[in-house]
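Report on one structure; see the data block that follows.
Letters A, B, ... mirror the listed sequences (proteins, then strands); counts begin at 1. Note that the coordinates shown come from a computational prediction; the quantities given were computed from them, not determined experimentally.
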Amino acid sequence: MSTKYDPKAIEGKWQKYWEENKFFKVSEDPNKPKYYDLEMFPYPSGNLHMGHVRNYAIGDVVARFKSMNGFNVLHPMGWDAFGLPAENAAIKNAVPPSKWTHANIENMKQQLKTMGISYDWDRELATCKPDYYKFTQWMFVKLFENGLAYKKKSAVNWCPSCQTVLANEQVVDGACERCEAEVEKKQLEQWFFKITDYAQRLLDDLEKLPGWPEKVKTMQRNWIGRSEGCEFSMPIEGLKDSMTVFTTRPDTVFGVTYMVLAPEHPLVETISRGKEEESAVKTFVQGMKSLSDLSRTATDAEKAGVFTGAYAVNPMNGERIPIWIANYVLMDYGTGAIMAVPAHDQRDFEFARKYDIPIRVVIKSDDSPADAEEMTEAYTGDGVMVNSGVFNELGVQDGISSVIKYMEDNNIGSGTVNFRLRDWLISRQRYWGAPIPVVYCEKCGIVCLPEEQLPVLLPEDVEFKPSGESPLNYVESFTRTTCPDCGGEARRETDTMDTFVCSSWYFDRYCSPHEKDVPFSKEAVDYWMPVDQYIGGVEHAILHLMYARFFTKFLYDINMLSCEEPFTNLLTQGMVLKDSSKMSKSKGNVVSPEEIIKTYGADTARLFILFASPPERDLEWSDQGVEGAYRFLNRIWRLITDYARSIQDITIPDTFPNLDDDSRDLRFKTHATIKKVSEDVGERFNFNTAISAIMELSNTLYAYKDKKPQNLEVVKEALQMLLILLSPFSPHICEELWKICGNEGSVCQQQWPSYDPEALVQDEIEIVIQLMGKVRDHIRIPADISDDELKTIAVELPKIKELTSGKQISKIIVVPKKLVNIVAK
RNA sequence: GCGGAUGUGGCGGAAUUGGCAGACGCACCAGACUUAGGAUCUGGCGCCGCGAGGUGUGGAGGUUCGAGUCCUCUCAUCCGCACCA
């Protein structure tokens with residue numbers, strides 16, 4: 001039988017077969033070990049791109065492999081369906097966001113289905129559906145009840161193009177992460193989640209994640225930005241107010257020669273009022289305001305500031321210290337005020353030199369001049385305290401703790417820990433998101449809705465104004481409501497939640513996606529959670545992955561979950577590149593997965609993308625590489641269809657005694673391949689080398705094909721194993737060929753094979769003979785030869801004899817079963 | 001500036017524990033089959049050299065019988081952070 005490989009004819013057929021027979025539907029089964037395999041769910045932009053294909057192909061290999069290895073595999077898919085693009089499309093094309101989104105979901109779902117991924121589609125969810133966002137709102141209510149959701153007025157990031165505020169995490173280099181417009185600062189009253197309460201745990205528990213890339217953990221550590229130090233206050237001369245500062249170097253407090261407030265600091269106006277410096281201060285503050293955050297915080301920006309005319313008193317020694325304001329002190333870190341120690345802080349040093357402020361050395365070291373005049377830079381290293389009264393002669397570490405102790409004893413200040421992490425700003429002035437379940441009542445004030453009144457439904461029939469303002473503001477049926485507490489008139493909150501809130505718990509929902517009254521069932525999450533393998537792009541290293549960790553810890557605290565970390569193992573896949581740069585419409589280097597699948601089939605697309613590069617690394621798209629993958633599948637097709645009839649009735653025996661050399665070699669290759677593929681997929685996630693091993697097996701089979709006589713038992717075993725091993729990568733063709741070989745059932749449901757150690761035993765092995773570390777010869781010898789015999793054979797080899805004549809052999813090194821190295825001079 | 005990753009043929013990449021560098025694939029070259037082939041098959045393919053051989057994993061040193069792998073220094077590219085007190 002010799003038909004042509006026609007992916008179009010077989011892929012749809014098997015996809016339908018899997019779906020109709022509910023192959024990938026799972027439920028909790030206490031008798032099987034569970035495995036939760038998850039890929040980051042996509043935003044339904046309308047079309048699948050190559051990044052998705054890579055992400056889901058990787059996930060599918062893992063799912064299919066684990067399932068064949070006896071695991072009960074949960075492998076769900078859904079849609080991160082709220083978000084701004086839907087609104088932009090609505091404004092542009094006059095289509096409601098809901099309609100646009102659902103049409104996109106339909107389209108992408110069809111595209112995904114043509115990939116043949118083993119999803120349990122019965123668990124599909126979309127965050128924009130009321131049965132889902134009801135529980136996103138429920139999360140808000142629970143956070144509110146636990147004091148972790150609050151509203152405050154503060155300087156927030158405003159994207160003028162998206163017409164909404166953004167979280168700190170969504171501002172990249174002073175620009176909006178989405179649209180790259182420059183972000184402005186605005187004073188607004190907004191909703192926050194108190195993620196800072198979890199800062200320490202988010203930091204500490206990174207230690208419990210050995211299955212995460214170090215890179216991602218480092219990024220999170222930096223983002224959380226913990227620093228230990230102390231906070232203390234300094235009285236201000238002539239005022240009741242005092243200023244509070246944070247420092248990590250209390251040991252240098254005797255070296256303070258000036259103080260600095262951030263230009264936005266609320267005390268600036270008070271302390272300079274009526275002073276002759278007042279107008280200079282005002283001019284400086286105005287100048288700072290007109291600067292963007294980006295240019296304000298650029299490292300190379302020169303330090304600049306003005307004296308306020310006011311003085312503070314150093315509580316340690318009563319010294320009178322001038323208070324300045326300067327561009328290099330930021331309002332949103334620490335207390336927005338610092339003590340400046342120019343001798344031991346580089347920034348203060350530069351500033352002091354520029355404005356002729358005195359510099360006083362208080363840490364003495366052989367590595368640094370004792371005289372401030374001679375210093376060319378601040379000294380930040382270790383040493384002993386000097387000019388510091390009773391603290392003199394203490395080392396830096398002792399000094400820090402002694403000064404803190406003194407401050408605490410004398411009510412000056414105390415040891416504190418400061419984090420860079422800010423609370424999570426979750427309000428968005430947008431329509432297409434989960435409404436924040438809050439009303440404003442004239443009598444009761446801010447009232448969070450009770451659980452029973454959820455969901456707050458998003459009105460779907462709305463009109464968009466070209467201004468970009470959220471239409472919710474104009475829908476009176478939405479905004480006019482009653483207060484759940486007093487029943488009086490109330491106005492509904494019109495802000496919606498950041499879409500990252502929706503994606504912070506979707507993996508829990510997958511465990512029991514049809515629950516009506518609770519976000520998920522305890523039994524289900526206790527069985528499935530945590531996710532064993534999470535796969536997605538590294539661009540979520542901070543945003544999504546930290547928010548999801550925060551939610552998981554919160555849900556653990558309120559007894560909804562039994563795990564404290566949501567993702568045990570994390571794989572951050574590399575990007576798909578074309579011509580060395582990221583595929584993008586603007587560069588015109590986009591390759592459409594739909595086209596590739598149409599031309600070559602999903603099996604080829606998957607195989608190429610898995611073969612071209614290991615998953616963590618960036619992958620260079622190559623049309624010729626795709627051809628190569630297609631060619632390989634054709635080779636497999638021909639190989640197996642050629643043999644199909646002759647092996648139909650062959651039974652694979654349990655043992656293979658008395659094989660001829662060629663058949664033994666083939667069997668050796670078969671079992672070596674099983675071993676290699678099992679390790680590469682199961683332990684290392686190196687799909688590229690697993691596929692190359694399968695290619696080698698196929699090459700060996702082609703070579704065997706010309707040999708006579710043929711041992712069809714060995715051939716059948718090799719072919720069947722090849723199909724099983726290849727099936728997680730290219731499942732459709734393997735199903736078809738499995739059937740063509742006369743097998744019952746599905747190749748995807750076969751037990752993953754284990755190799756036969758007997759087949760890997762070799763009587764004769766090849767040994768490399770080196771002279772002075774250089775390969776000079778190869779010999780084939782019995783595997784059980786002793787080291788001494790081997791040495792004798794090696795030195796007697798004609799080639800070695802010739803090269804060592806007249807030389808003294810001083811040493812012979814034998815690496816068992818590998819090589820002999822002769823040292824001679 | 002700080003932190004991290006990477007660097008291997010013409011290209012994508014292998015070499016898992018210090019032990020034959022370049023598996024596998026692409027491209028290319030030669031041949032076979034063929035009316036023809038962009039199908040398929042066979043062989044070749046790091047560089048220098050006719051050859052024996054030499055040489056070779058960004059660069060320079062070092063450790064070792066032996067280094068892509070370990071150590072020191074250095075260069076390049078990419079990513080993250082960046083006045084964080």
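With respect to A:Lys705 and A:Asp642, a salt bridge is recorded, a charged nitrogen being found less than 4.0 Å from a carboxylate O. Residues A:Arg221 and A:Glu214 are paired through a salt bridge, judged by an N-O separation under 4.0 Å between the basic side chain and the carboxylate. Here A:Glu802 does not pair with A:Lys799 in a salt bridge; the nearest charged N to carboxylate O distance is not below 4.0 Å. A:Asp6 and A:Lys8 are not joined by a salt bridge, as no carboxylate oxygen comes within less than 4.0 angstrom of a charged side-chain nitrogen.
Proximity of a side-chain donor or acceptor of A:Trp621 to a complementary backbone N or O of A:Val626 within less than 3.5 Å is not detected. Here the side chain of A:Tyr258 pairs a donor or acceptor atom with the backbone of A:Asp348 at under 3.5 angstrom. In this structure, A:Lys354 contributes its side chain and A:Lys303 its backbone to a donor-acceptor pair below 3.5 Å.
Contact annotation for A:Glu766: base contact, defined as any heavy-atom pair under 4.0 Å involving a base atom. If you check every strand for non-hydrogen atoms under 4.0 Å, A:Asn699 touches sugar and phosphate atoms only. Using a 4.0 Å heavy-atom criterion, one finds that A:Val775 contacts the sugar-phosphate atoms exclusively. A:Gly225 comes within contact range of no nucleotide atom at all, as no heavy-atom separation falls under 4.0 Å. Residue-level contact check: A:Arg684 touches the bases, meaning some heavy atom is under 4.0 Å from a base atom. Within 4.0 Å of A:Glu214, counting heavy atoms only, lies no atom of the nucleic acid at all. Among the heavy atoms of the strands, none lies under 4.0 Å from A:Arg226. Residue-level contact check: A:Thr689 touches the backbone only, with heavy atoms under 4.0 Å from sugar-phosphate atoms and none from bases.
Phosphate contact (OP1/OP2 of B:A14, side-chain N/O of A:Asn688, threshold under 4.0 Å): present. A close approach under 4.0 Å does occur between a side-chain nitrogen or oxygen of A:Lys774 and OP1 or OP2 of B:U55. Between A:Arg776 and B:C20 there is no side-chain N or O to OP1 or OP2 distance below 4.0 Å. OP1 or OP2 of B:A14 has at least one side-chain nitrogen or oxygen of A:Arg617 nearer than 4.0 Å.
The salt bridge (charged side-chain N to carboxylate O under 4.0 Å, His left out) analysis of residues 605-627 of chain A, with sequence neighbours excluded, yields the pairs A:Asp60-A:Arg606. Note on residues 682-699 of chain A: pairs passing salt bridge (charged side-chain N to carboxylate O under 4.0 Å, His left out), not counting sequence neighbours, are A:Lys669-A:Glu696, A:Asp680-A:Arg684.
Distance check on atom P: B:U74 versus B:G1 gives 13 Å, rounded to whole Å. Between B:G10 and B:G22, the distance separating the two P atoms is 16 Å to the nearest Å. Between B:C33 and B:U40, the two C1' atoms lie 9 Å apart (nearest whole Å). For the C1' atoms, the distance linking B:U69 with B:U16 amounts to 11 Å, nearest Å. Using P as the reference atom, B:C79 and B:G68 are 30 Å apart when rounded to the nearest Å. Nucleotides B:G58 and B:U6, compared at atom P, are 13 Å apart to the nearest Å. On the C1' atoms, B:U72 is 27 Å away from B:C81, given to the nearest whole Å.
Heavy atoms of other residues, nucleotides or ligands lying less than 6.0 angstrom from CD of A:Glu180 number 12 at most. Annotation for A:Glu228: atom CD does not count as buried by contact number, only 12 or fewer foreign heavy atoms lying within 6.0 Å.
Note: CE (A:Met695) to P (B:G13) measures 15 Å, nearest angstrom. Taking atom NZ of residue A:Lys799 and atom C1' of nucleotide B:G53, one finds them 11 Å apart after rounding to whole Å. A:Tyr5 has its OH atom 17 Å from the P atom of B:A39, to the nearest Å. Nucleotide B:A27 holds its P atom 11 Å from the CG atom of A:Asp623, rounded to whole Å. The NZ atom of A:Lys807 sits 17 Å away from the P atom of B:C65 (whole-angstrom rounding). The CZ atom of A:Arg635 sits 9 Å away from the P atom of B:U40 (whole-angstrom rounding). The distance from atom CD1 of A:Ile338 to atom P of B:C83 is 13 Å, rounded to the nearest whole Å. To the nearest angstrom, C1' of B:U6 lies 13 Å from CE of A:Met575.
Distance from the side chain of A:Ser613 is smallest for B:G13 among the nucleotides B:A85, B:C41, B:G13. Looking at the side chain of A:Phe246, the nearest of the listed nucleotides B:C20, B:C24, B:A85 is B:A85. Candidate nucleotides B:C83, B:U40, B:A85 were compared by shortest atom distance to the side chain of A:Lys303, and B:C83 ranks first. Listed nucleotides: B:A27, B:G13, B:C20. Nearest to the side chain of A:Gln624: B:A27. Closest to the A:Phe611 side chain, of the nucleotides B:C83, B:A23, B:G25, is B:G25. Which of B:C83, B:A15, B:C20 sits closest to the side chain of A:His778 comes down to B:C20. Here B:C65 is the nucleotide among B:C24, B:C65, B:G13 with the atom lying nearest to any side-chain atom of A:Lys811.
Listed by first residue number, the stems of RNA chain B with at least three Watson-Crick or G-U pairs below 3.5 Å are B:1-7 with B:75-81, B:10-12 with B:24-26, B:28-32 with B:40-44, B:46-48 with B:53-55, B:58-62 with B:70-74.
Heavy-atom nearest nucleotides on RNA chain B were determined for A:Ile813 and for A:Ala629, and the one closer to the 5' end corresponds to A:Ala629. Nearest-nucleotide positions on RNA chain B place A:Ala612 closer to the 5' end than the other of A:Arg631 and A:Ala612.
Ring pair A:Tyr379/A:His344 is perpendicular by interplanar angle, where above 60° counts as perpendicular and below 30° as parallel.
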What side-chain donor-acceptor pairs closer than 3.5 Å can you find for residues 813-824 of chain A, not counting sequence neighbours?
{"residue": "A:Asn821", "atom": "OD1", "partner": "A:Met772", "partner atom": "N", "Å": "3.4"}
{"residue": "A:Asn821", "atom": "OD1", "partner": "A:Gly773", "partner atom": "N", "Å": "2.9"}

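Syn is the classification of B:G9, since its glycosidic angle stays within 90° of 0.
A heavy-atom distance below 4.0 Å to RNA chain B is reached by these residues of residues 816-823 of chain A, ordered by number: A:Lys818, A:Leu819, A:Asn821, A:Val823.
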At a cut-off of 3.5 Å, list every protein nitrogen or oxygen paired with a nitrogen or oxygen from nucleotides 78-81 of chain B, distance to 0.1 Å.
{"residue": "B:C79", "atom": "O2'", "partner": "A:Lys215", "partner atom": "NZ", "Å": "3.2"}
{"residue": "B:C81", "atom": "O3'", "partner": "A:Arg420", "partner atom": "NH1", "Å": "3.3"}

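Judged by atom type and distance alone, A:Lys676 reaches the base of B:U16 through a side-chain donor-acceptor pair under 3.5 Å.
Aromatic pair A:Phe608/A:Tyr600: ring centres not closer than 6.0 Å.
Taking every heavy atom of both residues into account, A:Tyr333 and A:Phe419 meet most closely at CE1-O, 4.1 Å.
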